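Chain A is the first sequence line, chain B the second, and so forth, proteins listed ahead of strands; every chain is numbered from 1. On a predicted model such as this, the values are computed, not experimentally measured, just so you know.
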There are 2 protein chains.
Amino acid sequence: MAEDVFKALADPTRRRILDELVERDGQTLFEICARLVTKHGLGLSRQAISQHLAVLESAGLVVTRRQGRYKFHDLNTEPLERVMTRWLRPDGPESTP
Amino acid sequence: MAEDVFKALADPTRRRILDELVERDGQTLFEICARLVTKHGLGLSRQAISQHLAVLESAGLVVTRRQGRYKFHDLNTEPLERVMTRWLRPDGPESTP
DNA sequence: TTGATAGGCAAGTCATTGCTTGCCTATCGT
DNA sequence: ACGATAGGCAAGCAATGACTTGCCTATCAA
């Protein structure tokens, strides 16, 4: 639902996670944790990130594939594109001049 | 800030308000209240809507102009367009084929 | 000037949510 | 088999946020 997409985007940490996945797709939970700590100085527990990833996944923004004991997370921008044109009027400012 | 834009979009009532303003720009607080009640069945107090409008305004999504005792609210989609391309990869799905 | 209309301010309530802590399951390497 | 690694589940806490209630200011019409 669009509902979940907006709620998922409301948290800054979740947006950081999306930023990470844009830069490198298919990361595991522990990789994302390490990246957030080293690159952004975020000192969050593993569970916190895990819960954020669950929110992103149930919003459809992140897709996961399991492989052995690893769970890789991939970004999915398709829900974004469907939702973002909602308030762009036809006569509004040009999006692609 | 982009921060405020996402938080502003997180609430369903605020998104309804934006929907209302897309349909008809320059509404007053009372008009928006009436519209939300009649069209969407939302039974919210005037202050609730007023607070939502304040959030939208401080996010830059709504611009206001005062005229006598009336305060007209106009939609401003510019903050949206700056924020929405954040996770769209260059090699990702085509946004404008 | 008086009453009615349009809006603002502030405190208080109640639910949501982000985060932690503690424990448990599953897979891999040796 | 055993320990180590990758992840999951669930209860609890503290902070944020949405909404209400009550009162106050400002503009306009009569």
Notebook entry, point to check: Does Arg15(A) use its side chain to pair, donor to acceptor, with the backbone of Leu9(A) at less than 3.5 Å?
Noted result: yes
Note to self: Whole angstroms only, please: what is the CZ-P distance between Phe6(A) and dT16(C)?
What the structure shows: 21 Å
Note to self: Does this structure show an ion pair linking Glu23(A) with Lys39(A), if we count only N-O contacts that are shorter than 4.0 Å?
What the structure shows: yes
Item checked: Between C1' of dG7(C) and CG of Leu53(B), the distance in whole Å -> 11 Å
Check: With distance as the sole test, does His40(B) use its side chain to make a donor-acceptor pair with the main-chain N or O of Thr38(B) at under 3.5 Å?
Finding: no
Margin query: Is Thr28(B) close enough to dA6(C) that one of its side-chain N or O atoms is under 4.0 Å from OP1 or OP2 there?
Written below: no
Note to self: Could you tell me how far apart Leu29(A) (CG) and dC19(C) (P) are, to the nearest whole angstrom?
What the structure shows: 14 Å
Notebook entry, point to check: Within this structure, what is the CZ-to-P distance between Arg46(B) and dC9(C), rounded to whole angstrom?
Noted result: 11 Å
Check: Can you tell which of dA18(D), dG18(C), dG7(C) lies closest to the side chain of His52(B)?
Finding: dA18(D)
Item checked: Length of the CZ-P vector between Arg16(A) and dC19(C), whole Å -> 12 Å
Next item on the list: Please determine if Arg82(A) and Glu78(A) form a salt bridge, counting it only when a charged side-chain N lies under 4.0 Å from a carboxylate O.
Entry: yes
Margin query: Once hydrogens and angles are ignored, does a donor-acceptor distance under 3.5 Å link the base of dG8(D) to the side chain of Gln51(A)?
Written below: no
